[in-house]
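Data first, discussion second: the structure below is written as structure tokens.
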Amino acid sequence: MAAPSASMDNNNPNHPKLSKTEKKFLRKQTKARHTLLRHEGIESVSHATESLVIANGGLGNGVSRTQLLRVLERCGSVEALLMPPNKPYSFVRYRTKEESKRAYATLNGKEMVDDLGQNITLYLNFVEKVHWQGLRPPVLPPGLMIVEEIVSPEDEKMLLESIDWTDNSLGQNAQKSLKHRKVKHYGYEFRYDNNNVDKDKPLPGGLPDICNTILEKCLKEGHIKYFPDQLTVNQYEPGQGIPPHIDTHSAFENEIISLSLGAEIVMDFKHPDGYTVSVMLPQRSLLVMTGESRYLWTHGITPRKFDVIQASQRQKSGVITSDAGNLTLNKRRVRTSFTFRKVRRTPCDCSYPLFCDSQSCHQNETFPSFPENDKEASELEQEYVHRVYEEIAEHFSSTRHTPWPQIVAFLKALPKGSIVADIGCGNGKYLGLNKEIYMIGCDRSQNLIEICGERQFQAFVCDALTVPIRSETCDACISIAVIHHFATAERRLATLQELARLLRPGGRALIYVWAMEQEYNKQKSKYLKGSRDSDEKKEHFSSGVLASGPLGEQNPGTSNHDSVCSISAINDLTREEGSNANGVINSKLPVHINRTSFHSQDVLVPWHLKRGPTREKHSEPQKLKSDPVGLPDSTPIFHRYYHVFCEGELEAACRMLNNISIQQSYYDQGNWCVIFKKL
Amino acid sequence: MKLLTHNLLSSHVRGVGPRGFPLRIQATEVRVSPVDFNPDFVTRMIPKMEWTALVEAAESLGHLSELPRELAEGYEKDEEFLRKVHHVLLEVEVVEGTLQCPESGRLFPISRGIPNMLLSDEEAAS
């Protein structure tokens, strides 16, 4: 691919020799082009087309649609602006080539300020039209169906009046707080502590007779295979919702049907890849969830008072697309859902074993147990940390491009000539930030360190438990998102001891670890917020939602796992071999569902690998994959082990060192952070 | 791997302790790349270095450049001296070769400028 020729440079047609700034800009533009090609398979072309890829102008790096559109529209009429979620780039298509050429000339190298107030520079390159096909059209999750007007307004009224909320068994506190939806069960009690039903203890009375007509109809029309024997009625006031979850596989059969009465609602479905689809469920419609939509995608209702819907499609079911010209706000009203399910009597045998509580094997992979000694911990880390990072290194590196502001601030505040070690440096994100200091990085992953090498950073491969740097040579150390990969408290403490050892007296260490509490002070972390599409309203979950399980909240306003965390933090370092903090022996590590709250401190977090072009120069570069939402059987999934930290846990571990003093302890975007100073 | 980095590295094979420093360099490919000279930076770096080890490392690569075996008084003001130190610390890079633990003899490979210091479980300190 040819570099842009001098003729592209509209400013100096008669001066082919480029100035220093122009050379620098060209270098950066070329670099952006190469990065997009290598990490995303996006091929730029040197001849003008109507379409441009805008590097650094994406939702994934804090640029909003409104902001970018404003800038782009100055150059011409924008036919389409596609901002793939979580990506640091976007695609724009102008009506004519002249307009896109104007944008290419004037916006290249343009500086903007992003969401975080950071300066970013846009780099534009022409692309062929083919890339538009790569982006997924808005379809319903597979297996999902909506049947409109399945009940008449008269039947709707009868069903609503049949529920007597006054003898609600949820308890006085939940009712009085008015923060949480009202819930009632029939047939079998649904338990929110284990998200399952008590299959041996049916509730007297079974399902209300009044439901028979609608259920017979559903059976006849083939929406369900079995006559349901469990009913959960939920009543949502405006502002109430339900966190994203998958209905426990082993609890219920495949088909789950849900009637929306009293009002319509927008329900959010999320694929493990992070891809979200918002679906309008009209009043008096039946939602049928089967297959993938029932076993793989999470569903939830965001607690808010307005939903964004398609103006032209108001009361029609379907996916709500971010078609900027057609959206409007819909005020919520009280909605009551009747969810009918058939209790499952045999273990689940679905095709989604990763998300299945019945199946412990996935493609011959047996999920590991909580390690009980140092050797098991080392083996767990080898399999579920080191091996994984080697496999996903390139893709992982492409998602790690934005340095976190508070870490940048820590590094920039260091005196000139400081020697700084980045323990667990990954792709070297922080190694080149401050030119006044000397930074060396180390990581356990050869492949990630090679990326550092390519970027001309000083880096080497080693284990954080034993760092081959002389004692007391570092003015500062950072360890960002590293220690949470160690599987025992002793090993985590040992990494902290190494950090302290490296520091000269007076030197400071900055440590970041993933927090169990992904929502803190009523603010959801970016991890939970997922896509940074500016069209989404950023609402806060009420604090009670963080408790117990995905479906319910036993103790609204307090966090159930608070007590679990504090006990385990103390017990972890003193417990006897053979049992974990909860006294459960040989417990399997749970698989976490991405972009939801953590329910256990020790988890396996899935990584869906997106393969880009290989790094050998002679190989054919691939186009952007036509299906960014990979299906489980076509996209390799890797599990990384994490021990997420509770509030105070990192601090407590640091306090066990006798040669440091803690200077700061804070929470930053879903992480617990500590700065300590060597005495 | 620059020589400044080498000056910080020490073998962590179990039992060697401080005798794991300095690692002996055997280089098969060395590269010299210009780096902007910053006298202030170099001045601040010198006291943090193990001077003898630095001189030996430079010597082993054939880049002695008449660095004195001992630091002289008032080096902060000697620009010619500072430039020599700058060259040795920041401009000389070992691209291919090995680092050897002086105590145990264990070899650590350097490839594409990256040392691999990973030890096996048995070799690492417990």
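Below, all heavy atoms of this structure are taken into account, side chains as well, without hydrogens, waters or symmetry copies. Throughout, a chain's letter reflects where its sequence line sits, starting with A, and its residues are numbered from 1.
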- Residue, of A:S471, A:S418, A:P468, that accumulates the most heavy atom pairs under 4.5 Å with chain B: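 Maximum pair count with chain B is reached by A:P468.
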- Out of B:K2, B:M45, B:E50, which one racks up the most heavy-atom pairs below 4.5 Å with chain A?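 Max contact count across the listed options: B:K2.
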Which atoms of [X] are under 4.5 Å from chain A, going by heavy atoms: the side chain, the backbone, both sets, or neither?
X: B:E93; answer: side chain
X: B:N7; answer: both
X: B:L4; answer: both

- Return yes when atom CZ of B:R112 has more than 12 non-hydrogen atoms of other residues, nucleotides or ligands closer than 6.0 Å, and no otherwise.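 Not buried by this count: 12 neighbours or fewer within 6.0 Å.
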- For the rings on B:H86 and B:F41, is their centre-to-centre separation under 6.0 Å?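 Between B:H86 and B:F41, the centre distance exceeds or equals 6.0 Å.
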- Item | Aromatic ring proximity A:Y642/A:H485, centre distance under 6.0 Å |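 That pair passes the under 6.0 Å test.
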- Proximity breakdown for A:I449 and chain B, heavy-atom pairs closer than 4.5 Å: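 Contact with chain B is through both the backbone and side chain of A:I449.
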- Query: Tell me, side chain or backbone of A:I437 under 4.5 Å from chain B's heavy atoms, or both, or neither?
  - Reply: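 Contact with chain B: backbone only.
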- Message: For A:G417, is there any backbone N or O sitting under 3.5 Å from a side-chain donor or acceptor partner on B:K48?
- Response: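 Flag set: sc B:K48 to bb A:G417 pair under 3.5 Å.
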- Task: May I have all residue pairs that pass ring pair (Phe, Tyr, Trp, His ring centres under 6.0 Å) and include part of residues 415-455 of chain A, sequence neighbours excluded?
- Result: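 Counting only pairs at least two positions apart or across chains, no ring pair (Phe, Tyr, Trp, His ring centres under 6.0 Å) contact touches residues 415-455 of chain A.
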- Message: Quick check with a 6.0 Å cut-off and a 45 degree axis cone: is A:R492 positioned over the face of A:F486's six-membered ring?
- Response: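 Not satisfied by the 6.0 Å and 45° rule.
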